[in-house]
Every structure is written in C-alpha cells, then in structure tokens.
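Have a look at the structure below before the remarks.
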Amino acid sequence: MGNSAYKNVARLANPANDAALVGGMFRKAGFDTVDIKLDLNGSEMRRALRDFGGKARDAGVAVVYYAGHGIELDGVNYLIPTDATLETDSDVLDETIALDRALFAVEPAKQLRLIILDACRDNPFAKTMKRTIASRAIGRGLAKVEPTSPNTMIAFAAKAGSTASDGDSKNSPFAAALVERLPTPGLDLRKAFGFVRDDVLKNTGYKQEPFVYGSLGGDDVALVAAKPAATGPQANPDSDIRRDYELALQLGTRDVWTAFLNRYPSGFYTDLAKAQLNRISAEDARAAAAEKARLAEEEKARLAAERAKKAEQEKAAAAAKAAEDARIAAEKAKQIEEAKAAATEQRRKDAEAAAKALADKQAAEKALAEKIASEKAAAELAAKEKAQRDAEQKVAALAPAQSAPSLSPLETAKLVQSELRRVGCLAVAADGDWNASSQRSLTLFNQYAGTKLDPKLASFEALDMIKSKPGRVCPLVCNRGFKADGDTCVKIACRAGYRVNDDNECEKVQDKKPVAAREDATNRDAERKQVESRPAKPQTSGQIVCGVGIGGCRPVRPGCRLEQKNSSNVEVCN
C-alpha cells in the first residue's frame, strides 16, 4: 500500500512509487499473490487488509508493505488514510487504521509474518491537531513494538521516535535498499535487513537508521530460496586442463611435465608446459657444467700437488678455464629460460584474469537488464493503476460537489492565518482578526506563490491554496545586523576590528586621521573689531604702530617694541 495523494495535507512524492517498486520486487521473487494498492481512503484500506487476510490463510509467508503517513498516540501506532483530517487527537481512533489490524491480516501465515513500514515521515497532522487532553502523548515518528506472535517481524524505515527521509529521487532510500537486498537468493532475512540498515545509513549521511522488531528461530529464513548448484556440462571445458597444469606446476619435475605433454599434446597450457620443461633442461645443463668445472678444478689442484710438468699444468688450467666458461654460459642460459617461463606464466594469469573479467561483465549486464525490466514492469503497472484511478475519479466528478465546511468567518480567518504563518508570510499570531496585517500577508503570498487570491477575504479557496504549499513561500527578511539561518534570524558576528556595514557585511574599521582645521575668517574679523573698539590701555613704552595690514593704528603690545627695517617701523615681540 502506498498513500501519496493526501487531501488535507501536502502530497507525499514517493509512497506510490515505492509501493509499485516493492510490489514488482515481490512478483519477481516468485510470490504467488501480490496486490498493489495506491492512495487508499479509510474504507479502502480496511477492505484491502480484510481481503489480504483471506488470501493469507493457506500461505507460508505473508508480507504487508505500507508507505505513507503514520502517527503514534499513547504508545500505539496508526496508519493514516488519504481522506483523514485529524483535527483533534480523538479523531485518530476514528479516521486511521491501527497497526494491529495489519498484524491481524498476516496472522494466518504458517512460516513467516512480515510487516514493513515506510511510515516514519515527519507528520504534518501532529502540528495542527488539537489536544482534548493535555497529558495525551503524540510522539515523533512511530513507537517501539514487540510482536506477540512467533515468527513475526516488523521493520521500520527509522527506529522508534525518529523520522525517515522521503528522499530526493523518485523512491525513498529505505525502499531502494529493500529491493536491492531482500530478493537475494538464500540470504537470511535478518542479515538482509542488516544490509538495508547499512545502505540507508550511508545514503542519508548517518541520519536515518532502520530498525527491526520481533524475532525468528535459529534456521535461516530467506524470502527467495537459494539457487541450486549448476550441474552437467556447464563447467568451463578448460577447467580440467588448468587443474592438471596447476598440479604439475606445484610438483615441477621433468617427469610430471613430460606426462602432461603426453596427455595434452596441443593447446595454450601445452605451450606453458613446454616452457616449464625448457626451464628444467636449462637448470640440468647448468648443474652439469658446474659439476664439470668442479672436477676440472680438482684435477688442476691434483696436478699442482704432484708437481706435474708445466705443459700438463697449463693444459689443466686451460681445461679448468673452459669448464668455468661453460658453467657461466649455462648459468646465463638458465636465467634466460627462467625469464621465458616467468613470462609465459604471467601470460597465463593475464588470460585467466581477462576471462574472469569478461564473465563478471556479462553477469553484471544481465543483472542490469533484469533490474531495468523489473522497473519497467513496475512503472507500467503504476501507470495502469493511475489510469484506472483517473477513470474512477472522472466518474466520481459527475456527483454533486461537496459543500464547503461550515465554519464561522472567525475560524476560517484563524485557519488561513495559521497557514500563512507556516509558509512564512505572517509574523503575528493567528487570532482570527482579518485586519490590514493579515491582508498584507496574503498579498505577499500572492506575490511569491504566483496566485491571485482576494486579500480582503479569508476564504476556503485561500486556505486550500496555502495548504498545498509544503514549505516556506515568503522569504525570511531580517533587520540590519541579522542574517537568515533556516527559518530564524541570527545576529551577524564580526571579528575584532570589523563592523557590520549598510550592506549587512563585515568591513574593517578605518583608523581616524587628524584633520587640520582652517581658521574661520568671520570669527577672526569679529574678534579684531571687538579689540579695536575697546579703549586703548596706557602703554609704558608710549609707542604706536600703524599699518594697512592691522586696519589702522594701535598701541604696541606689552613686551614688544618698534624697530626700523627697510625704512619702516616693525613691531618685534620676544
């Protein structure tokens, strides 16, 4: 079962695809009966489980796979149909399907009862659901379960109390790992789910850990039986020759290689055996030459000891030298033959490796072709069922349209405000007062969502349109000195010597330089006139200085005197 098209919350992308993929996997694995049901309401889910329970009465293995929304209430897990509203926590008992109902459907199976739940996604119903009892617990994800029936297993996409990812591709990470691992022939189910756990952890950055509850007996339980070992003439025709060659290579004697050549007079391994035989012949020639050189040396020593004639000694020395040269030549010949034998042995290993690589490539291509065929069959099945559902919906559309829910304008406005807060377009609390702030938030939603809703009215059309958006629509706007981090604004922290500028970026603080102040001419003239207007104080010197630059005549300042320079009097101050 895969529920994607929920009517009262945002649509889930993958459950319908996941159900079709897993159903195709079970059909390929050889299961006698596989029912794939997509986008079921409450009554359809109950009927599907009832029908499946009847088919499982004579079954050895029964499996229920569910992908979609689930919820945990007071420690009990429930599966959520597509038509659920769940306005209050008490609605869970009436509008959902308890997990025990699925366990009851697989109960008649004799060998294995398996429930697989890809229903641990973040539940949007829990965020808007009203609590009738404050102490009632609504958990995150699903609650831990302990099956009471023997040979029963329940596999969660994420361990109890945590949520699972819907994935970025057309299938969830959990479903993709299931179809990869479960149909392995002869693989025990517990080990297969262990591989599923490792794959999901790796593909989600170790954020999602699948978990299995329940227990099985000591015998291996595989969904697909192991393939019987191949018999008859399917083995490689060169396997016997290669086995005899490797045995001869271990013994390495002349007689063994001669016997191998007598049995296999031609072929690839025959050439390799000849090279090994040549190597042994070169070794024998080297040993014979070395022995001859040793005997010559002994003869030379004997003749020298007996004080033989010079001619005999020279003859013996020449014979010894010739023997030594022969030994050296034999040694070189041996090295050449060993190199040839090593080269032929390396060619043998390369040829066998190439043959194995070709066989592995052919096996991989066959497996890929089978996988593509399975996915194509699953896609065709999903398309066929979608066409059937579309036809049913078309017939249903001929019925009179359902009337809008009977809610007061205050309640409708409050619901629209709550949804506007969820998509980031309204910052104030939802109080049901459809004021100017609420109208501006709906106008902002129209701007970023590309809709044309009437902002003056909180309507059901606006509520449905905003609910269809799964995440934030209006961008997060932060004040100066703050930046957006997810759905919140955080203060921008600059390092020492830096500050936040008008562009909300950190810039270095510039050192202030001293600025030379220009003397204000207006103030200077006013002070001069004030001084000139005062009565002159009596000076002890009695001297007066006059000039154009000082605006007339004035007494010489205290501590100063007049001196004549260039035919004019100049005031000089020490």
Side-chain angles (χ1 to χ4, degrees), residues 1-6 12 15-71 76-84 95-120 142 145 147-157 172 174-175 178-179 182-183 189 193 212-214 216 221-224 374 377-378 381-382 384-386 388-389 392:
M1 294 183 291
N3 285 344
S4 287
Y6 282 91
L12 288 175
N17 299 334
D18 295 339
L21 179 66
V22 174
M25 179 269 291
F26 280 116
R27 282 177 176 162
K28 184 179 177 182
F31 275 68
D32 297 326
T33 302
V34 178
D35 295 332
I36 300 177
K37 304 292 184 180
L38 305 179
D39 296 333
L40 305 178
N41 58 32
S43 60
E44 290 171 342
M45 286 186 68
R46 293 183 180 89
R47 183 168 61 251
L49 290 172
R50 181 175 66 249
D51 295 343
F52 183 75
K55 297 176 182 178
R57 288 173 184 168
D58 298 325
V61 178
V63 184
V64 169
Y65 171 84
Y66 173 75
H69 278 309
I71 192 171
V76 180
N77 296 319
Y78 299 88
L79 312 182
I80 303 180
T82 58
D83 60 346
E95 300 178 4
T96 64
I97 311 298
L99 177 60
D100 288 343
R101 182 64 186 85
L103 286 169
F104 188 81
V106 299
E107 183 69 23
K110 299 176 177 62
Q111 299 176 5
L112 173 65
R113 309 167 186 91
L114 176 60
I115 304 291
I116 304 175
L117 295 179
D118 195 355
C120 307
L142 298 180
V145 293
T148 57
S149 301
N151 297 326
T152 302
M153 291 184 68
I154 302 177
F156 282 7
S172 71
F174 184 60
L178 287 176
V179 299
L182 292 189
L189 195 61
F193 275 111
V212 177
Y213 300 92
L216 303 179
V221 179
L223 286 183
V224 180
S374 175
L381 175 63
K384 182 178 179 181
E385 293 183 350
K386 182 177 183 301
Q388 182 178 358
R389 291 197 310 274
E392 294 175 355

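When reading the values below, keep in mind they use all heavy atoms of this one structure, side chains included, and skip hydrogens, waters and symmetry mates. Keep in mind it's a predicted model, so treat the numbers as computed, not measured.
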Can any side-chain N or O of [X] pair as donor or acceptor with the backbone N or O of [Y] at less than 3.5 Å?
| X | Y | value |
| --- | --- | --- |
| Arg46 | Gly42 | yes |
| Arg113 | Pro150 | yes |
| Tyr66 | Ala102 | no |
| Thr96 | Ile80 | no |
| Lys110 | Arg57 | yes |

Do you know the tightest heavy-atom contact between [X] and [Y]?
| X | Y | value |
| --- | --- | --- |
| Ile36 | Glu385 | O-OE2, 3.2 Å |
| Val34 | Gly23 | CG1-O, 3.6 Å |
| Met25 | Val179 | CB-CG1, 3.9 Å |
| Ala67 | Pro15 | O-CB, 3.5 Å |
| Lys37 | Ala48 | CG-CB, 4.3 Å |
| Pro147 | Ile154 | CG-CD1, 3.8 Å |

Does any non-hydrogen side-chain atom of [Y] lie less than 4.5 Å from one of [X]?
| X | Y | answer |
| --- | --- | --- |
| Glu107 | Ser149 | yes |
| Leu189 | Leu114 | yes |
| Leu40 | Thr82 | no |
| Leu182 | Ile116 | yes |
| Thr148 | Leu103 | no |

Which residue pairs pass the ring-ring contact (aromatic ring centres under 6.0 Å, His included) test when at least one of the two sits in residues 29-55, sequence neighbours left out?
-> Phe26-Phe31
Nearest 0.5 Å, what's the [atom1]-[atom2] distance between [X] and [Y]?
| X | Y | atom1 | atom2 | result |
| --- | --- | --- | --- | --- |
| Ile97 | Tyr78 | CD1 | OH | 11.0 Å |
| Asp100 | Asn77 | CG | CG | 9.0 Å |
| Asn41 | Arg47 | CG | CZ | 7.5 Å |
| Asp39 | Leu12 | CG | CG | 10.0 Å |
| Met1 | Tyr65 | CE | OH | 11.0 Å |
| Leu117 | Phe174 | CG | CZ | 8.0 Å |

Arg101 and Arg50: CA distance, side-chain angles, deciding distance, side-chain contact (heavy atoms from CB on, under 4.5 Å) verdict | CA-CA 9 Å; Arg101 182 64 186 85; Arg50 181 175 66 249; 3.6 Å; yes
Say whether Asp18 and Ser172, considering side chains only, have a donor N or O and an acceptor N or O under 3.5 Å apart.
->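 Yes.
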Could you go through the side-chain contact (heavy atoms from CB on, under 4.5 Å) check for Val61 and Val221 one step at a time?
-> CA-CA 10 Å; Val61 178; Val221 179; over 6 Å; no
Would you sort out whether Val106 and Val63 count as a side-chain contact (heavy atoms from CB on, under 4.5 Å), showing the intermediate values?
-> CA-CA 7 Å; Val106 299; Val63 184; over 6 Å; no
So Phe156 and Val212, side-chain contact (heavy atoms from CB on, under 4.5 Å) or not? Walk me through it.
-> CA-CA 6 Å; Phe156 282 7; Val212 177; over 6 Å; no
